[in-house]
Amino acid sequence: MYLLIITGLSGAGKSQALRKLEDMGYYCVDNLPTGMLRDFIKLCKKADPPIARAAIVMDSRESALKKNGLQSIKTIREADVDYDILFLDCRDDVLERRYNETRRRHPLSGHESIKSGIQLEREMLQELRDRARFIIDTSDYRPLELSRRLEELLGEPQAQPFTLIFMSFGYKRGVPFEADVVLDARFSPNPFYEPELRCLSGLDQPVRDFVFADEAVPIFLGVVENMLVTLIPRFIEQGKHRLMVAIGCTGGRHRSVSMTNDLYQRMKGKYSVLLMHRDFKSEAAEISERFNEGERS
């Protein structure tokens, strides 16, 4: 087993580095308490199959880190694990600017200045920095440059297939927070107001026929398809392995389902594609409850 310990100054890019390492095939844990390190190594070794490469962030926000940092290194050695330390550094002025731009408080500054928190953290982490095999100064790095530097230091990432996810949803239940692209299907007439279509769904041919009778729908979907074909290669160049396109209508059962299914069919031969209907069942239950009650009354 190989363990990479990621440490360094707050704001220098530890979380971004951890996300990149996850894409490279590492099993990653953020802010693992140092007291749990021995058990974590045991779990990795006992996993089926065993975890070959893991990465953890050792964070200065643990009040005992100044004492436990080197003790953790001793624990790793006793566990007979190959390990390296990756230390992310950054100039003080850049760190101050990053914190000021995001209006965040430095985790060690307390009621004092950001600068005092940075200085305290440097002192706490100095012994780990001295033992680091890899030191990266991210002061002048853009996000993609840090990713490339990690690839240079730690080897090429494992091949990660690009996955395109289509999701239908209903605006009445909120926009999916994980979506990268959100499209609105409410420009088209709503089958819900057709009594014979209300209890059907976008998976049923009568609803599909109704939705696609609107000549704007195939034009809209063609534009979306062309956009995806154009942009996905650029996303892949930027290191993105997943893109979620969410299409919403009012309830998430009629228009969005028909349109999402159509886009899925258009794109499934081009990329690895997944299809999800988030509110399909919830909306069906609500329709059934509302209109059955109306009939009983």
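By the rule that hydrophobic residues join a cluster once side-chain heavy atoms approach within less than 4.5 Å of another member, Leu203 and Leu197 end up as members of separate clusters. In terms of hydrophobic clustering, with Ile, Leu, Val, Met, Phe, Trp and Tyr side chains grouped at heavy-atom distances under 4.5 Å, Phe235 and Val273 are assigned to a common cluster. Side-chain heavy atoms closer than 4.5 Å link hydrophobic residues (I, L, V, M, F, W, Y) into clusters, and following such links, possibly through other members, connects Ile135 to Leu95. Ile219 and Val211 sit in two unconnected hydrophobic clusters of ILVMFWY residues. Membership requires side-chain heavy atoms under 4.5 Å apart, directly or through other members. Note: the hydrophobic cluster containing Tyr83 also contains Leu32 (ILVMFWY, side chain heavy atoms under 4.5 Å, direct or indirect links).
Looking at Leu228 and Glu225, their side chains never come closer than 4.5 Å, going by heavy atoms from C-beta outward. For the pair Leu274 and Thr163, the minimum side-chain heavy-atom distance is below 4.5 Å. Counting heavy atoms from C-beta outward, Glu178 and Arg242 have side chains that approach closer than 4.5 Å. Using a 4.5 Å heavy-atom cutoff, the side chains of Tyr271 and Ile236 are in contact. Using a 4.5 Å heavy-atom cutoff, the side chains of Lys46 and Leu43 are not in contact. Taking the side chain as every heavy atom from C-beta outward, Tyr27 and Val29 approach each other to under 4.5 Å. Between Val217 and Met259 the shortest side-chain heavy-atom distance falls below 4.5 Å. Side-chain contact between Ile136 and Tyr141 is present, with heavy atoms from C-beta onward closer than 4.5 Å.
Separation of atoms CG (Leu88) and CD1 (Ile6) is listed at 7.0 Å; rounding is to 0.5 Å. In this structure, CZ in Phe134 is found 12.0 Å from CD1 in Ile5, a value given to the nearest 0.5 Å. Rounding to the nearest 0.5 Å places CG of Asp214 at 12.0 Å from OG of Ser258. Here the CD atom belonging to Gln119 is positioned 10.5 Å from the CD atom belonging to Glu121, to the nearest 0.5 angstrom. Atom-to-atom distance recorded for Leu221:CG and Asp262:CG is 5.0 Å, nearest 0.5 angstrom. The SG atom of Cys28 lies 4.0 Å from the CG atom of Leu18; values are rounded to the nearest 0.5 Å.
In this structure, Arg253 and Cys199 approach most closely via the heavy-atom pair NH2-O, 3.7 Å. The shortest non-hydrogen separation linking Ile85 to Arg131 is CD1-O, 3.9 Å. Heavy-atom minimum distance, Phe87 versus Leu9: CZ-N, 4.5 Å. Of all non-hydrogen atoms in Phe40 and Ile56, the two that sit nearest each other are CE2-CG2, 3.6 Å. Phe166 approaches Met267 most closely through the heavy-atom pair CZ-CG, 3.8 Å. The two atoms that bring Val257 and Gly252 nearest to each other are CG2-O, 3.6 Å, heavy atoms only.
A salt bridge links Glu286 with Arg173; the closest basic N to acidic carboxylate O contact falls under 4.0 Å. Using a cutoff of 4.0 Å between basic side-chain nitrogens and carboxylate oxygens, Lys14 and Asp30 are not scored as salt-bridged. Salt bridge status for Arg208 with Asp204: absent, with no side-chain N to carboxylate O gap under 4.0 Å. Between Arg122 and Asp89, at least one side-chain N (NZ, or NE/NH1/NH2) sits under 4.0 Å from a carboxylate O, which counts as a salt bridge. Residues Glu22 and Arg19 are not paired through a salt bridge, judged by the lack of any N-O separation under 4.0 Å between the basic side chain and the carboxylate. Residues Arg234 and Glu237 are paired through a salt bridge, judged by an N-O separation under 4.0 Å between the basic side chain and the carboxylate. Under 4.0 Å is where a charged nitrogen must lie from a carboxylate oxygen, and between Lys172 and Asp279 no such pair does.
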Working for side chain to side chain contact (heavy atoms under 4.5 Å, CB included), residues Met244 and Val181: CA-CA 6 Å; Met244 176 179 282; Val181 178; over 6 Å; no

Chi angles and distances behind the side chain to side chain contact (heavy atoms under 4.5 Å, CB included) call for Asp140, Arg91: CA-CA 9 Å; Asp140 300 313; Arg91 296 196 308 269; 3.4 Å; yes

Intermediate values then yes/no, side chain to side chain donor-acceptor pair (under 3.5 Å), Thr250 and Arg255: CA-CA 9 Å; Thr250 303; Arg255 293 167 290 180; 3.1 Å; yes

Worked check of side chain to side chain contact (heavy atoms under 4.5 Å, CB included) between Ile232 and Leu243: CA-CA 8 Å; Ile232 286 175; Leu243 186 75; 4.2 Å; yes

Stepwise side chain to side chain contact (heavy atoms under 4.5 Å, CB included) check, Leu183 with Val245: CA-CA 8 Å; Leu183 303 170; Val245 179; 3.9 Å; yes

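Gln265 meets the side-chain hydrogen bond (donor to acceptor under 3.5 Å, both in side chains) test with Lys268; sequence neighbours excluded. Residues that satisfy the side-chain hydrogen bond (donor to acceptor under 3.5 Å, both in side chains) test with Ser168, not counting sequence neighbours, are His277.
Evaluated for a side-chain contact (heavy atoms from CB on, under 4.5 Å) with Lys20, the options Leu150, Leu154, Leu146 yield exactly one hit, Leu150.
With hydrogens and angles ignored, the 3.5 Å screen pairs no side-chain donor or acceptor of Arg149 with any backbone N or O of Leu144. With hydrogens and angles ignored, the 3.5 Å screen pairs a side-chain donor or acceptor of His254 with a backbone N or O of Leu200. Thr138 places a side-chain N or O within 3.5 Å of a backbone atom of Ala12 that can act as its donor or acceptor partner. Of the possible donor and acceptor atoms, none in the side chain of Ser288 sits under 3.5 Å from a partner among the backbone N and O of Ala284. Looking only at distances, a side-chain donor or acceptor of Arg198 sits under 3.5 Å from a matching main-chain atom of Phe192.
In this structure, Arg186 satisfies the cation-pi test against Tyr171, with its NZ or CZ atom closer than 6.0 Å to the six-membered ring centre and inside 45 degrees of the ring normal. Judged by a 6.0 Å distance limit and a 45° cone about the ring axis, Arg278 is not positioned over the six-membered ring of Phe169.
The environment of Lys270 atom NZ is dense: over 12 non-hydrogen atoms of other residues, nucleotides or ligands sit within 6.0 angstrom. Enclosure of atom CE in Met276 is not indicated, since only 12 or fewer non-hydrogen atoms of other residues, nucleotides or ligands lie within 6.0 angstrom. Heavy atoms from other residues, nucleotides or ligands lying under 6.0 Å from CE of Met227 number more than 12.
Two rings, from Phe187 and Phe220, have their centers less than 6.0 Å apart.
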